[in-house]
Amino acid sequence: MFYIGCHLSSSGGYLQMGKTATELGANTFQFFTRNPRGGSVKKFDPCDCAALVSYMKENGFGRIVAHAPYTLNPASAEPRTREFANSVFADDIAILEHIPGALYNFHPGSHVGQGTDIGTGFILDMLNAHMSRDMGTTVLLETMAGKGSEIGSTFEELRAIIDGCEYKEHLGVCLDTCHISDAGYDVKDGLDETLEEFDRVIGLDRLFAVHLNDSKNPTGAHKDRHEKIGQGFIGLEYIEKIINHPALQGLPFELETPNDNEGYAAEIKLLKELKK
Ligand code: FE
Ligand code: FE
Ligand code: ZN
C-alpha cells in the first residue's frame with residue numbers, strides 16, 4: 001500500500017483534516033499538535049478526535065504523524081526551555097493516546113553551545129520521564145539538516161538517543177529527505193548506500209515515516225530549505241526512486257513542501273503516477 005499525504009492545518013479540527021486529506025487524494029497526513037511557533041493548544045475535543053479515528057478506519061488510512069512545535073527544545077541549555085519542552089511533550093503524548101497508532105514526531109533539539117553529549121542527556125531526561133511501557137503512540141526522532149547546533153543530523157546521534165531511552169520499543173525515526181541530503185547523505189545516486197548506512201547504524205525497523213521533500217540546496221548544505229517536489233536539488237527522477245525503494249515500502253510519506261492544498265493535491269497526484 002502506498003501511503004501518501006501532506007502537512008495539513010489543524011485549525012478545522014481532527015475530522016476535518018481527514019476529510020481534507022481525502023479531497024487532496026491523500027490516505028495519511030501530518031499536522032502540528034499546536035501552534036508551531038508557540039505552544040498554545042486548542043481545548044482537546046475527544047468526540048472530534050474519535051470521529052477522525054473512525055473516518056480513518058472507514059477510508060483505509062495509514063498511520064498519521066503528529067508534529068511537535070518547533071519551539072520544543074528539550075536539549076536547550078535554558079532550564080525554562082526544557083521545562084516547556086517537557087510539559088508540551090507530556091500533554092501531546094496524553095492527547096495522542098486517543099489516536100491508535102499515531103506517530104509523534106519531534107526535532108531532537110539544539111544544544112545551543114553546551115555540546116551534543118549534554119544536549120542528548122537532556123533529550124533523554126524528557127523521553128525517560130514521559131514515555132511509558134504501555135503507551136500506544138510511537139515517538140519519532142526526526143533526522144535533522146544540521147543547521148546551527150541541531151542534534152540528530154547524523155545517524156549516530158540518533159542512535160545515541162535510542163540507546164539511552166528506557167522505552168525504545170516505542171521510539172523510532174522519521175526520515176526527512178531534504179534534511180538528510182542537507183546533512184551530507186547522498187539521496188540521489190547514493191540512495192542505496194545511505195539506506196544501508198541507516199540500517200547499519202539505526203536499523204530500518206526503527207524507520208516509521210518519511211518526510212518527502214525536495215531541497216533548495218545541494219548535499220551537505222546544512223540549510224533546511226524545503227523545495228517543491230521535482231523543483232530542487234534532489235529532482236523528480238530521484239524522488240521517484242525514493243518512493244519506490246524497497247526499504248521504504250509501506251511507510252507513510254508526508255509532503256512538507258512549500259505548497260497550499262492545491263499544490264499538495266498536484267504533488268500527490270504526480271507521486272501516485274510515479275509509484276510502481
Ligand atoms: Fe520537522
Ligand atoms: Fe521534516
Ligand atoms: Zn525542514
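Atoms within each ligand, like the ligands themselves, are counted from 1 in listed order.
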Checklist line | Validation row, ring centre Tyr264 to ring centre His7 under 6.0 Å | finding: no

Note to self: Under 2.8 Å from the Zn ion (ligand 3), which protein N, O or S atoms do you find? Ignore water molecules.
What the structure shows: His179 NE2, Asp224 OD1, His226 NE2

Margin query: For distances below 2.8 Å, what is the count of protein N, O or S atoms around the Fe ion (ligand 1)?
Written below: 3

Checklist line | Heavy atoms from other residues, nucleotides or ligands near NZ of Lys19 exceed 12 (cutoff 6.0 Å) | finding: no

Margin query: Classify the ring geometry of Tyr104 against Phe89: parallel below 30°, tilted from 30° to 60°, perpendicular beyond 60°.
Written below: tilted

Notebook entry, point to check: In the hydrophobic cluster built from side-chain contacts under 4.5 Å, what are the other members alongside Phe208?
Noted result: Val65, Leu103, Leu140

Item checked: Those residues that, when tested against His107, pass ring-ring contact (aromatic ring centres under 6.0 Å, His included) (two or more places apart) -> His67, Tyr70

Item checked: Phe61 ring center within less than 6.0 Å of Tyr3 ring center -> no

Notebook entry, point to check: Are Leu236 and Ile268 linked, directly or through other ILVMFWY residues, by side chains that come within less than 4.5 angstrom of each other?
Noted result: yes

Margin query: Salt bridge or not between Glu83 and Arg80? Use side-chain N to carboxylate O under 4.0 Å.
Written below: no

Check: On the ring face of Phe233, is Lys188 found with NZ or CZ under 6.0 Å from the centre and within 45° of the axis?
Finding: yes

